[in-house]
Amino acid sequence: MLHLLQLRYTATEDDVTPHIAGHVAYLERHHAAGTFLVSGQTVPTSEGGAIIAHGVDRDTIEQITGQDPFVTNGVAKYTITTTPGRIHPVLADVLAQGL
């Protein structure tokens, strides 16, 4: 399954800033584990970011997003869209290799 995780700030930039280092460490941890395939800020950057995740079920991705320091500190929240749908063959090959 693939998950599109859309992060939206719920607080001011000043409130978010102290939690950036923890958020980056969170991203790096889940990229290293192979769960996060792509992550980054959206445009405009003041709105939040997005992540494409895979390899875990919906319950697990909800637990993972709940551990983001932005979420635990109440400065952002996630919208999760889960899709078991079509995947381009090139991406399917990459995912099958376990990155």
Side-chain angles (χ1 to χ4, degrees):
M1 288 189 166
L2 290 175
H3 309 279
L4 173 60
L5 313 176
Q6 193 164 15
L7 180 71
R8 295 273 183 218
Y9 297 130
T10 59
T12 68
E13 186 176 340
D14 288 341
D15 293 331
V16 171
T17 299
H19 309 291
I20 292 173
H23 174 72
V24 170
Y26 160 86
L27 293 173
E28 290 174 352
R29 186 169 57 254
H30 291 288
H31 273 287
T35 305
F36 291 175
L37 302 176
V38 177
S39 65
Q41 289 184 304
T42 55
V43 176
T45 58
S46 62
E47 292 182 5
I51 299 168
I52 297 175
H54 88 110
V56 296
D57 62 21
R58 175 69 184 228
D59 289 339
T60 301
I61 205 64
E62 288 176 1
Q63 291 172 0
I64 289 171
T65 57
Q67 297 167 1
D68 184 333
F70 283 171
V71 173
T72 61
N73 287 287
V75 298
K77 67 179 188 172
Y78 281 94
T79 301
I80 303 170
T81 304
T82 299
T83 176
R86 296 182 189 120
I87 298 174
H88 189 279
V90 172
L91 182 56
D93 290 344
V94 170
L95 296 175
Q97 293 173 19
L99 293 176

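All values below come from the heavy atoms of this structure, side chains included, with hydrogens, waters and symmetry mates left out.
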How far does [atom1] of [X] sit from [atom2] of [Y], to the nearest 0.5 angstrom?
X: Y26; Y: F70; atom1: OH; atom2: CZ; answer: 10.5 Å
X: L4; Y: I80; atom1: CG; atom2: CD1; answer: 10.0 Å
X: T81; Y: Q6; atom1: OG1; atom2: CD; answer: 7.5 Å
X: L7; Y: K77; atom1: CG; atom2: NZ; answer: 11.0 Å
X: H3; Y: I61; atom1: NE2; atom2: CD1; answer: 5.0 Å
X: M1; Y: T60; atom1: CE; atom2: OG1; answer: 11.0 Å

Could I get the full list of side chain to side chain donor-acceptor pair (under 3.5 Å) partners for Y78, not counting sequence neighbours?
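Residues passing side chain to side chain donor-acceptor pair (under 3.5 Å) with Y78: D68.
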Indicate yes or no for a side-chain donor-acceptor contact from D15 to the backbone of A11 under 3.5 Å, with no hydrogens or angles considered.
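Judged by distance alone, no pair lies under 3.5 Å.
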Do L5 and T65 have side-chain heavy atoms sitting under 4.5 Å apart?
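Counting from C-beta outward, L5 and T65 do come under 4.5 Å.
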Counting only pairs under 3.5 Å, give me each side-chain donor-acceptor contact of residues 27-40, with atom names and distances, residues two or more places apart or in other chains.
{"from": "H31", "atom 1": "ND1", "to": "F36", "atom 2": "O", "distance (Å)": "2.9"}
{"from": "H31", "atom 1": "NE2", "to": "S39", "atom 2": "OG", "distance (Å)": "2.8"}

Can you name the side chain to side chain contact (heavy atoms under 4.5 Å, CB included) partners of E47, sequence neighbours left out?
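For E47, the residues satisfying side chain to side chain contact (heavy atoms under 4.5 Å, CB included) (neighbours in sequence not counted) are R8, T42, P44.
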